[in-house]
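Just follow the structure's listing: the first ligand is 1, and inside any ligand the first atom is 1. Fair warning: this is a prediction, and the values are worked out from it, not measured in the lab. In what follows, every heavy atom counts, from backbone to side chain, and hydrogens, waters and symmetry copies are set aside.
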Amino acid sequence: MENTDRLRDELLARIAVADLGELEDIRVRALGRSGRITELMKGIGALPADRRRVAGQELNRVKDAVAGAIEQRKTGLEAEALDRRLAEDRVDVTLPVRPEAAGPVHPITQTIDEMVAIFCEMGFTVADGPHIETDFNNFTALNIPPEHPARQDHDTFYLAPGADGTRRVLRTHTSPVQIRTMMAQKPPIRIVVPGRTFRADHDATHSPMFHQIEGLAIGRDIHMGHLKGCLIEFCRAFFAVDDLPVRFRPSYFPFTEPSAEVDIGCTREGGGLAIGRSEDSTAADWLEILGCGMVNPRVLENCGIDPSVWQGFAFGLGIERAAMLKYGIPDLRTFYESDIRWLRHYGFTALESPSVAAGFAGGGT
Ligand code: DAH
């Protein structure tokens, strides 16, 4: 007994100061196949029967104490090593950005972030789709069949027909992501889709590549009141004008019924344009800003959604136009010229993510 106590104390003392290599050595010499404790245990069989049980228990206790101490010391050493490594490898993320490396955020990116922030606050999530679309998703499922006149309005870039004979297109709007989402997801649905769109059109006010943001809300009871509330709130938040006049003007889109165009109030004074009312509420004019409507039941059907159960609204708007109006950018083409002087002028502070609560603080220069 005294021997095992002494053996235990000796081992525990060595374990307490051992490094990882020594620990393994101590383990092998004490508990390994021919370790000291293992050998003592083998010897129990040779003891007189009346001492075997006590000696066995005693040795087991020593064995557990030693194994436990080794494990504990090992865990401690490993944690210390990790702490040391973390301290040594530390990157100081609070370091200021080198001024020459700080690129401003492009107004398109900023505008998308602001719009997404507003819609996310209303419970929308962001959905995404490919730039190369099927003819079906871009047109047919949206109730624009091949002979439909709306096709002519789209100035579509067509790709060469694939092996299956169908033509693919560069998506002419973000609306095909409505189809993708409704095909893949069960309602209720509430998404916005910011992204690139393409049309074979190029002049002072048209670019062959531009951006849109699409919205879709599908539920059992979603009605025109929700559409209006949502879009009025959006326009006022985005342009940061609390009493911004917003008008819904009847229109036509194949994928919505009824459809409307949304205009916001503006004033033109001395050649300038200001969003919202003037001081004396005169000189009110209107600017078209987006298209919207209640999702056409045919579109729901095309996506396998039962229009007698589900209904909803959709909308789409051009990002460039909204950015030009909000930030007073006069020429569409400058968005894509990659002129660093333009970007320094119209760009936004990097690392400041827009938020509705902060009123998009950290904005333009
Ligand atoms: N896709 C339309 C366009 O590119 C915009 C649009 C209008 C989208 C009405 C919609 C909508 O979702 O409901 O001109």
Side-chain angles (χ1 to χ4, degrees), residues 112 115 119 122 124 126-129 131 133-145 148-157 169-183 187 189-201 205-219 222-224 226-232 234-235 246-264 287-300 302-303 305 307 310-322 332:
I112 289 175
M115 289 179 171
F119 286 117
M122 297 184 196
F124 287 79
V126 174
D128 203 1
H131 297 156
E133 256 304 355
T134 60
D135 187 277
F136 180 80
N137 287 344
N138 195 81
F139 292 121
T140 312
L142 287 160
N143 196 32
I144 315 175
H148 198 288
R151 288 231 179 178
Q152 269 77 68
D153 299 338
H154 277 237
D155 299 307
T156 311
F157 286 113
V169 302
L170 292 185
R171 68 180 182 188
T172 58
H173 48 182
T174 40
S175 306
V177 185
Q178 287 190 31
I179 303 301
R180 289 181 171 271
T181 306
M182 287 191 281
M183 296 261 196
I189 290 170
R190 226 185 281 183
I191 52 151
V192 285
V193 186
R196 284 188 185 161
T197 48
F198 308 85
R199 292 189 196 182
D201 205 355
T205 55
H206 294 92
S207 155
M209 188 282 298
F210 57 104
H211 298 74
Q212 289 188 338
I213 185 165
E214 189 83 11
L216 175 72
I218 304 288
I222 291 186
H223 53 67
M224 196 99 187
H226 297 119
L227 159 76
K228 293 184 73 177
C230 170
L231 294 177
I232 292 171
F234 164 74
C235 291
V246 179
R247 171 173 91 169
F248 289 76
R249 188 166 34 82
S251 184
Y252 172 77
F253 297 104
F255 29 90
T256 45
E257 182 58 37
S259 305
E261 239 134 352
V262 177
D263 301 335
I264 54 169
L287 272 174
E288 182 190 314
I289 183 86
L290 59 88
C292 62
M294 298 304 293
V295 177
N296 192 318
R298 289 186 175 198
V299 174
L300 296 173
N302 291 342
C303 299
I305 293 177
W310 303 99
Q311 55 185 20
F313 65 82
F315 57 89
L317 70 142
I319 305 276
E320 279 82 349
R321 182 167 159 76
L332 175 77

Student: Out of all atoms in ligand 1, which are within 4.0 Å of some heavy atom of Cys292? Include the element for each.
Tutor: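 Answer, ordered by atom number: 9 (C), 11 (C), 13 (O).
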Student: For salt bridge (Lys or Arg N to Asp or Glu O under 4.0 Å), just list the numbers for Glu288 and Arg321, CA-CA rounded to whole Å, side-chain angles, deciding distance to a tenth of an Å, and then say yes or no.
Tutor: CA-CA 10 Å; Glu288 182 190 314; Arg321 182 167 159 76; over 6 Å; no
Student: May I ask you to identify the nearest protein heavy atom to atom 11 (C) of ligand 1, giving residue, atom name and distance to one decimal place in Å?
Tutor: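 Closest protein heavy atom to atom 11 (C) of ligand 1: Phe255 CE1, 3.5 Å.
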Student: Do side-chain atoms of Glu257 reach the backbone of Asn296 as a donor and acceptor pair under 3.5 angstrom?
Tutor: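 Absent.
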Student: Judged by non-hydrogen atoms, does Gln178 sit under 4.0 Å from ligand 1?
Tutor: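 Under 4.0 Å: yes for Gln178.
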Student: Which ligand 1 atoms does Gln212 reach within 4.0 Å, using its non-hydrogen atoms?
Tutor: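 In order of numbering, the contacting atoms are 3 (C), 4 (O).
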Student: N/O to N/O below 3.5 Å, does that happen between Gly215 and ligand 1?
Tutor: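 Looking only at distances, the answer is no, because the N/O contact criterion of under 3.5 Å is not met.
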Student: Pairs of nitrogen or oxygen atoms closer than 3.5 Å, one from Ala314 and one from ligand 1: do any exist?
Tutor: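 N/O-N/O distance below 3.5 Å exists for this pair.
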Student: Which ligand 1 atoms are under 4.0 Å away from a heavy-atom of Thr256?
Tutor: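 Numbered from 1, ligand 1 contributes 13 (O).
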Student: How close does the nearest protein non-hydrogen atom get to atom 12 (O) of ligand 1, and which residue and atom is it?
Tutor: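 For atom 12 (O) of ligand 1, the nearest protein heavy atom comes out as Glu214 OE2, 2.6 Å.
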Student: So among Leu287, Val246, Leu317, which one has a side-chain contact (heavy atoms from CB on, under 4.5 Å) with Val262?
Tutor: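 Of the listed options, the one satisfying the test is Val246.
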Student: Judged by atom type as modelled, is there a donor-acceptor pair below 3.5 Å linking the side chain of Gln212 to the main-chain atoms of Thr174?
Tutor: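 Yes, because the side chain of Gln212 sits within donor-acceptor range (under 3.5 Å) of the backbone of Thr174.
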Student: Could you check His131, His206, His211, His173 and say which one makes a ring pair (Phe, Tyr, Trp, His ring centres under 6.0 Å) with Phe198?
Tutor: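 It is His131; the other options fail the test.
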Student: Tell me whether the centres of the aromatic rings in Phe119 and Phe315 are closer together than 6.0 Å.
Tutor: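 Yes, close enough.
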Student: Report the nearest protein non-hydrogen atom to atom 14 (O) of ligand 1: residue, atom name, distance rounded to 0.1 Å.
Tutor: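 Residue, atom and distance for the closest contact: Arg199 NH2, 3.9 Å.
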Student: Decide if atom CG of Asp128 counts as having more than 12 heavy atoms of other residues, nucleotides or ligands within a radius under 6.0 Å.
Tutor: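 Open: at most 12 neighbouring heavy atoms sit under 6.0 Å from CG of Asp128.
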Student: Report the part of Ser175 (side chain from C-beta onward, or backbone N, CA, C, O) that has a heavy atom under 4.0 Å from ligand 1; answer both or neither where that applies.
Tutor: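 Looking at Ser175 and ligand 1, just side chain atoms fall under 4.0 Å.
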